[in-house]
J.: 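Can you read through this structure? Questions will come right after.
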Amino acid sequence: MLRRLEPVAEAFKFCIIDAPPQRSQICLTAIGAADTVIVPAEASVKGYGSLVRTLDLLNSMRDVKATNATVLGVLPFRDRWIGNTQTLESRLAVEGMKDEVENELILPSIRESEQYKKAINKRQTLSELGHPDLEYPFEILLAKIESLLQQKVQ
């Protein structure tokens with residue numbers, strides 16, 4: 001895929017490919033073509049295991065020179081909170097993720113909330129629905145992507 005993208009690479013500042021969370025051919029191809037990856041991982045035991053398998057896959061692909069991709073960040077999602085308290089499962093999962101990658105690679109987690117679905121269905125932003133705090137993980141992710149773009153320009 002990387003070779004196939006070379007003729008159009010200059011036409012885009014960046015391209016986001018949302019690959020399925022499995023070792024399918026499309027996932028392997030997307031990682032092979034990537035300069036940088038963002039790894040979404042559910043804030044659960046299952047998500048932690050998925051992150052470990054994804055990092056192993058990425059390292060294996062690097063070992064055989066199938067990719068040069070680096071990890072821009074790990075994005076925990078479905079982070080469960082009860083009021084102002086993170087559930088034990090979510091907290092332990094995110095802590096485990098921090099043990100797998102450098103702490104600064106862990107992005108602010110996306111909390112489990114019906115407000116995301118509501119925003120999509122109403123075609124409104126979270127701020128417009130009165131929940132600007134839920135936009136924070138996306139603001140940080142966007143800032144990381146913008147910083148990456150600035151580095152590539154220099």
Side-chain angles (χ1 to χ4, degrees), residues 1-2 12-24 26-62 66-121 123-154:
M1 184 172 202
L2 185 59
F12 301 96
K13 289 185 180 178
F14 67 94
C15 173
I16 296 176
I17 302 170
D18 185 4
Q22 61 219 17
R23 288 185 184 222
S24 64
I26 193 166
C27 180
L28 296 172
T29 302
I31 292 172
D35 294 322
T36 309
V37 295
I38 298 164
V39 184
E42 186 173 343
S44 66
V45 172
K46 177 184 166 190
Y48 168 78
S50 179
L51 171 64
V52 169
R53 287 187 300 279
T54 300
L55 294 173
D56 285 346
L57 172 62
L58 187 57
N59 287 330
S60 296
M61 290 180 71
R62 282 189 198 127
T67 189
N68 293 321
T70 59
V71 176
L72 180 64
V74 173
L75 182 61
F77 67 95
R78 287 195 190 128
D79 189 358
R80 292 171 185 85
W81 289 67
I82 299 170
N84 291 327
T85 306
Q86 188 179 32
T87 66
L88 180 61
E89 181 184 21
S90 286
R91 184 169 42 84
L92 291 175
V94 174
E95 287 174 4
M97 292 174 195
K98 289 177 182 176
D99 290 340
E100 295 298 324
V101 297
E102 298 169 28
N103 195 37
E104 63 269 6
L105 290 179
I106 301 292
L107 298 166
S109 59
I110 299 172
R111 291 189 181 193
E112 185 170 59
S113 174
E114 289 296 312
Q115 299 307 322
Y116 294 108
K117 291 178 194 171
K118 198 180 290 185
I120 291 167
N121 291 336
R123 296 180 183 222
Q124 292 182 308
T125 65
L126 290 160
S127 289
E128 290 170 336
L129 291 176
H131 302 283
D133 54 314
L134 293 176
E135 292 178 346
Y136 181 70
F138 304 102
E139 293 166 351
I140 297 301
L141 179 57
L142 181 59
K144 282 188 92 86
I145 291 170
E146 288 173 341
S147 175
L148 181 67
L149 289 173
Q150 289 300 321
Q151 291 172 13
K152 289 188 180 235
V153 170
Q154 296 171 357

J.: Excluding sequence neighbours, so at least two apart, what forms side chain to side chain contact (heavy atoms under 4.5 Å, CB included) with L28?
T.: Q25, L57, M61
J.: Does any non-hydrogen side-chain atom of E102 lie less than 4.5 Å from one of V71?
T.: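 In short, these two side chains do not touch, never coming nearer than 4.5 Å.
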J.: Can you list the residues that meet the side-chain hydrogen bond (donor to acceptor under 3.5 Å, both in side chains) rule with Q124, with sequence neighbours excluded?
T.: none
J.: Tell me, please, which residues at least two apart from Q115 pass side-chain hydrogen bond (donor to acceptor under 3.5 Å, both in side chains).
T.: H131
J.: Only counting residues at least two apart or in another chain, list the ones meeting salt bridge (charged side-chain N to carboxylate O under 4.0 Å, His left out) with E114.
T.: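 With neighbours one apart ignored, the set is K117.
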J.: Given side chains that start at C-beta, do those of K144 and L107 come closer than 4.5 Å, heavy atoms only?
T.: yes
J.: For R111, check salt bridge (charged side-chain N to carboxylate O under 4.0 Å, His left out) against everything at least two apart and list the hits.
T.: none
J.: With sequence neighbours excluded, tell me which residues meet side chain to side chain contact (heavy atoms under 4.5 Å, CB included) with Y116.
T.: I110, S113, L126, L134, F138
J.: Out of curiosity, I26 CD1 to I31 CD1, how far, rounded to the nearest 0.5 Å?
T.: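 With rounding to 0.5 Å, CD1 (I26) is 11.5 Å from CD1 (I31).
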J.: Taking all atoms of both residues into account, what is the closest heavy-atom pair of P137 and S109, and its distance?
T.: CG-O, 3.2 Å
J.: Sort and list the pairs that fulfil side-chain hydrogen bond (donor to acceptor under 3.5 Å, both in side chains) and have at least one residue in residues 47-60, not counting sequence neighbours.
T.: Y48-E100, N59-R62
J.: In Å and rounded to the nearest 0.5 Å, what is the OG to CG distance from S147 to L142?
T.: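 That separation rounds to 11.0 Å.
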J.: Counting only heavy atoms not in F77 (residues, nucleotides, ligands), do more than 12 fall under 6.0 Å from its CZ?
T.: yes
J.: Taking all atoms of both residues into account, what is the closest heavy-atom pair of V94 and P76, and its distance?
T.: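 Residues V94 and P76, closest heavy atoms: CG2-CB, 4.1 Å.
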J.: Holding to salt bridge (charged side-chain N to carboxylate O under 4.0 Å, His left out), I want the full list of residues that pass it with E146, two or more places apart in sequence or in another chain.
T.: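 Result, salt bridge (charged side-chain N to carboxylate O under 4.0 Å, His left out) vs E146: none returned.
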J.: Run the side-chain donor-acceptor check on residues 37-46: report pairs under 3.5 Å with partners two or more places apart or on a different chain.
T.:
residue, atom, partner, partner atom, Å
E42, OE1, R78, NH1, 3.4
E42, OE2, R80, NH2, 3.4
S44, OG, K46, N, 3.4
S44, OG, G47, N, 3.1

J.: Taking side chain to side chain contact (heavy atoms under 4.5 Å, CB included) as the test, write out the residues that go with T125, two or more places apart.
T.: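 Expected list: S127, E128, E135.
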J.: Report the C-alpha separation of D35 and T70 in whole Å, then their side-chain angles, then the decisive distance to 0.1 Å, and conclude whether the side chain to side chain contact (heavy atoms under 4.5 Å, CB included) test is met.
T.: CA-CA 6 Å; D35 294 322; T70 59; over 6 Å; no
J.: Holding to salt bridge (charged side-chain N to carboxylate O under 4.0 Å, His left out), I want the full list of residues that pass it with R91, two or more places apart in sequence or in another chain.
T.: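 Only E95 meet the salt bridge (charged side-chain N to carboxylate O under 4.0 Å, His left out) criterion with R91.
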J.: How far does CG of L75 sit from CG of L105, to the nearest 0.5 angstrom?
T.: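 That separation rounds to 12.0 Å.
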